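Naming convention: chains lettered A, B, ... in sequence-line order (proteins, then strands); numbering from 1 in each chain. From a predicted model like this one, the values you see are computed outputs, not experimental measurements.
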Number of protein chains: 2
Amino acid sequence: MPAVSGCINMLDSETKAVETPEDHAEELRLWLRLLTCTTLIEGEVRGRLRQRFDVTLPRFDLMAQLDKAPDGMTLSDVSKRMMVSNGNVTGLVERLVDSGHLDRRTSETDRRVQVIRLTKLGRAEFRRMAAEHETWIADLFADLTPKDVRELMRLLAKTKASAQKSAARRRS
Amino acid sequence: MPAVSGCINMLDSETKAVETPEDHAEELRLWLRLLTCTTLIEGEVRGRLRQRFDVTLPRFDLMAQLDKAPDGMTLSDVSKRMMVSNGNVTGLVERLVDSGHLDRRTSETDRRVQVIRLTKLGRAEFRRMAAEHETWIADLFADLTPKDVRELMRLLAKTKASAQKSAARRRS
DNA sequence: TGAAAACATTTTAGGCTTAAAACAATTCGG
DNA sequence: CCGAATTGTTTTAAGCCTAAAATGTTTTCA
């Protein structure tokens, strides 16, 4: 392949964007690294939750959402916050109700809606787990300076916004 | 609670580390943001793979690993690279062999080992999907400048190293 | 050499997850 | 007011995923 082919294509182009097969290897590598980091940390947290508290990560995540909502949440709210499917939440909640961690009742004003809350037991257990969980996270990120943390926060916010925009573009 | 309690605790401490309940809220927020970004992008890629190619993300990921290894890989290699359990790979490979995308054979020199490769069909289909996949990723990260990308790469590398160190600490 | 350790994979049991279809209740527009 | 669209949840079918135990193979080393 001649080294000038890209330039030739560019000369061919008219007013619109160039159709040269562009190189997006950098973005691809970034995505893989992002995924690796997340998978690594998630796996570590999952293992520690299991070992220390015999609880699964999805259960912990669901309880974390409810801990921030003393008045409860609807299943839809939970589903959106956790970014998982509705059906997923149904099953997760069912098991947590069975184990006595959640209370679930039908809304008085809208009989479609199920409102779930942490029970006293659920809240107590979550708080206990959350305290230790926070130290694990701190340890996993221990080598980052406060400046690194701030900078990562900023860049990830930008990344999130970019991805949301792209997702919206596709849906429209 | 008096505002000086932290200092009092520090005075109480002896040679070892202070037991003051430290504030790790920043790291926690960082972790949640990292998770959100990854979940968002992963969900988007999953949906597009399904819509355009009727393929699942785990299948795509496995084929991506094999595409980089013309001489094939063992199941253990795949399991380590993908950071998933051995049993997971067994099932994934089984389905991909059934659909004609993978070839699997027992190693001649070590009968414990299964070596898998992409078939001609598997490689062709993967290349077709990968080309489009790359444009999706580029679009999802479109609002990041080259500098942002470099900086994120650097900080995520640091994060990965930190997490690996922490994981190793726990295992020892 | 031969038992024990290490290794590669599979199996098992249970839970997680999704997309799509089904169902139920509410809201909207004519 | 009533049919149609919308909203909230559950169900279904299939696949993904893990940890732990089981199976078969190779290596180690006493």
Checklist entry - Out of A:V113, A:V89, A:I116, A:D110, which residue meets the side-chain contact (heavy atoms from CB on, under 4.5 Å) rule with A:T74? => result A:V113
Next on the checklist: Counting the atoms with a prime plus P, OP1 and OP2 as sugar-phosphate, which does A:S85 contact under 4.0 Å by heavy atoms, base, sugar-phosphate, or nothing?
Outcome noted: base
Checklist entry - Using 4.0 Å as the upper bound for N to carboxylate O, is an ion pair formed by B:D139 and A:R169? => result yes
Next on the checklist: What is the separation between atom CD on A:E94 and atom C1' on C:dG15, rounded to the nearest whole Å?
Outcome noted: 12 Å
Checklist entry - What integer distance in Å separates A:L62:CG from C:dG15:P? => result 16 Å
Next on the checklist: Rounded to whole Å, please give me the gap between CZ in B:R48 and P in C:dT18.
Outcome noted: 17 Å
Item to check | Of B:R59 and A:V115, the one whose closest DNA chain D nucleotide lies more 5' | outcome: A:V115
Next on the checklist: At 4.0 Å (heavy atoms only), tell me whether B:T74 reaches a base, stays on the sugar-phosphate, or touches nothing.
Outcome noted: sugar-phosphate
Checklist entry - Is A:N86 touching bases, backbone alone, or none of the nucleic acid, heavy atoms closer than 4.0 Å? => result base
Next on the checklist: So, under a plain 3.5 Å distance rule, would you say the side chain of B:R112 forms a donor-acceptor pair with the base of C:dT9?
Outcome noted: no
Checklist entry - Of A:R50 and B:L92, whose nearest nucleotide on DNA chain D comes first from the 5' end? => result B:L92
Checklist entry - B:N88 side chain N/O closer than 4.0 Å to the phosphate oxygens (OP1, OP2) of D:dT18? => result yes
Next on the checklist: Which residue is it: B:D61, B:T56, B:L62, B:L57? I am looking for the one with a side-chain contact (heavy atoms from CB on, under 4.5 Å) to B:R59.
Outcome noted: B:T56
Checklist entry - Reckon A:R111 has a side-chain N or O less than 4.0 Å from the OP1 or OP2 of C:dT26? => result yes
Next on the checklist: Measure CZ/A:F53 against C1'/D:dA19 and give the value in whole Å, please.
Outcome noted: 19 Å
Checklist entry - How long is the line joining CG of B:D98 and P of D:dA14, in whole Å? => result 15 Å
Checklist entry - Does the side chain of B:R95 get closer than 4.0 angstrom to OP1 or OP2 of D:dC17 through an N or O atom? => result no
Checklist entry - For A:L75 and D:dT7, what is the distance between atoms CG and P respectively, to the nearest whole Å? => result 17 Å
Item to check | Separation of atom CG in A:L49 from atom P in D:dC17, rounded to whole Å | outcome: 19 Å
Next on the checklist: Quiz question: by atom type and distance under 3.5 Å, do the side chains of A:S79 and A:N86 form a donor-acceptor pair?
Outcome noted: yes
Checklist entry - Roughly, in whole Å, what's the span from CE in B:M73 to C1' in C:dT9? => result 15 Å
Item to check | B:T106 and B:Q114 side chains, donor-acceptor separation under 3.5 Å | outcome: yes
Item to check | Any B:T56 side-chain N or O less than 4.0 Å from OP1/OP2 of D:dC16 | outcome: yes
Checklist entry - When you match A:P58 and B:G91 each to their closest nucleotide on DNA chain C, which lands nearer the 5' end? => result B:G91
Checklist entry - At under 4.0 Å between heavy atoms, what does A:T90 touch on the DNA or RNA strands: base, sugar-phosphate, or nothing? => result base
